[in-house]
Amino acid sequence: MSERTQARMIEMVAKTLFEKGGAERVIAAVMTKDRAHMHLDTVFTLLDRDIATAFPRWSITSVPSACAGKKPGDFHVTEEKSFVDAVADALHIKKLTIVETGGDEYQAQREQWDDANNTVALEPGVVVSYERNTFTINKMRQAGVEVVAIAGFELGKGRGGGHCMTCPFLRDGI
């Protein structure tokens with residue numbers, strides 16, 4: 001929930017997902033109203049079943065989590081202590097390893113702005129990322145993630161990243 005997504009929209013999506021049996025839980029990261037962090041893809045993306053990339057200095061003000069109720073479309077909301085822990089719990093894993101946006105503070109901010117976290121997962125542990133984000137790519141590779149580096153300058157001009165521009169609603173099961 002950020003500059004582009006309001007609480008009511010998340011409630012509507014959650015209600016529909018629960019009604020159709022498309023989800024058991026919806027986690028909302030309530031983010032600061034900051035253009036550099038307009039949506040979750042710019043600061044957090046899954047790379048593998050238990051590895052994600054994240055910008056360490058993004059700010060979440062709260063983490064509400066909705067679970068399906070007994071009747072179709074019903075749900076109840078609880079407040080989570082940690083976004084990362086809530087995601088790990090939803091994925092049924094003990095720990096979600098976070099690969100932080102690389103470089104020193106200045107480099108990490110530049111790579112976050114250049115969509116270092118906005119990667120496209122081709123399959124668990126194999127991602128596509130912009131080649132300009134060298135520090136973050138190096139950290140991903142050190143974490144065991146295979147990175148296919150691409151130029152991709154045109155998407156960045158419109159503030160678009162790989163994940164947010166290509167994420168399908170339906171995927172084959174893993």
Side-chain angles (χ1 to χ4, degrees), residues 1-7 9-10 25-65 78-167:
M1 191 172 358
S2 65
E3 182 180 292
R4 291 186 173 176
T5 310
Q6 288 83 35
M9 180 55 71
I10 293 171
R25 183 173 177 183
V26 173
I27 301 167
V30 181
M31 299 165 56
T32 56
K33 307 279 190 225
D34 184 341
R35 185 156 169 75
H37 314 131
M38 282 192 282
H39 46 88
L40 194 58
D41 305 48
T42 62
V43 292
F44 177 89
T45 303
L46 287 170
L47 305 173
D48 201 337
R49 289 178 176 91
D50 60 351
I51 303 173
T53 182
F55 181 57
R57 291 172 251 337
W58 65 300
S59 183
I60 297 178
T61 58
S62 67
V63 185
S65 178
T78 57
E79 189 70 26
E80 303 288 341
K81 292 180 181 170
S82 156
F83 174 75
V84 172
D85 290 344
V87 171
D89 184 58
L91 294 173
H92 307 292
I93 58 174
K94 289 184 182 188
K95 180 183 180 220
L96 182 61
T97 300
I98 299 296
V99 175
E100 291 187 351
T101 312
D104 61 23
E105 185 173 343
Y106 169 77
Q107 293 157 336
Q109 287 178 7
R110 181 187 58 75
E111 290 201 3
Q112 185 276 325
W113 185 256
D114 282 342
D115 289 309
N117 304 299
N118 205 327
T119 61
V120 178
L122 300 176
E123 64 181 57
V126 180
V127 302
V128 175
S129 184
Y130 293 137
E131 66 186 2
R132 64 183 172 260
N133 296 310
T134 56
F135 294 102
T136 305
I137 288 172
N138 187 42
K139 286 179 134 184
M140 289 177 189
R141 288 179 173 153
Q142 289 174 359
V145 176
E146 181 182 337
V147 180
V148 178
I150 63 167
F153 293 104
E154 292 303 314
L155 281 175
K157 287 179 184 178
R159 294 302 311 136
H163 185 263
C164 69
M165 301 286 278
T166 61
C167 186

Got a list of side-chain donor-acceptor pairs under 3.5 Å for residues 81-89, not counting sequence neighbours?
| from | atom 1 | to | atom 2 | distance (Å) |
| --- | --- | --- | --- | --- |
| Ser82 | OG | Val84 | N | 3.4 |
| Ser82 | OG | Asp85 | N | 3.1 |
| Asp89 | OD2 | Arg25 | NH1 | 2.6 |

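Between Arg49 and Pro124, the shortest heavy-atom contact is NH1-CB, 3.5 Å. For the residue pair Ser129 and Val147, the shortest heavy atom distance occurs at CB-CG1, 3.9 Å. When every heavy atom of Met31 is checked against every heavy atom of Val43, the shortest pair comes out as CE-CG2, 3.8 Å.
A donor-acceptor distance shorter than 3.5 angstrom exists from the side chain of Glu79 to the backbone of Val63, with no hydrogens or angles considered. Proximity of a side-chain donor or acceptor of Glu111 to a complementary backbone N or O of Gly103 within less than 3.5 Å is not detected. Asp114 places no side-chain N or O within 3.5 Å of a backbone atom of Asn133 that could act as its donor or acceptor partner. Not one N or O on the side chain of Ser65 forms a donor-acceptor pair closer than 3.5 Å with the backbone of Thr78.
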inquiry  = Please evaluate residues Leu47 and Val99 with respect to the criterion side-chain contact (heavy atoms from CB on, under 4.5 Å), reporting the C-alpha separation (whole Å), side-chain torsions for both, the decisive distance (0.1 Å), and the verdict.
reply    = CA-CA 9 Å; Leu47 305 173; Val99 175; 4.3 Å; yes
query = Can you check side-chain contact (heavy atoms from CB on, under 4.5 Å) on Thr53 and Met140, steps first, answer last?
reply = CA-CA 8 Å; Thr53 182; Met140 289 177 189; 4.0 Å; yes
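To the nearest 0.5 Å, atom CG of residue Asn117 and atom CD of residue Gln112 are 6.5 Å apart. To the nearest 0.5 Å, the span separating CZ on Phe44 from CD1 on Ile60 amounts to 8.5 Å. Atoms OG1 and CZ, on Thr101 and Phe135 in that order, are 12.5 Å from each other to the nearest 0.5 Å. A distance of 10.0 Å separates OG1 of Thr136 from CZ of Phe55, quoted to the nearest 0.5 Å. Interatomic distance, Leu46 CG to Leu96 CG, rounded to the nearest 0.5 Å: 6.5 Å. A distance of 9.0 Å separates CZ in Arg132 from CZ in Arg110, rounded to the nearest 0.5 Å.
Among Thr119, Asp115, Val127, the single residue meeting the side chain to side chain contact (heavy atoms under 4.5 Å, CB included) criterion with Thr45 is Thr119.
The side chain to side chain contact (heavy atoms under 4.5 Å, CB included) test applied to Glu105 returns Arg57, Gln109, not counting sequence neighbours.
Residues Val128 and Leu122 have side chains in contact (heavy-atom distance under 4.5 Å, counting atoms from C-beta outward).
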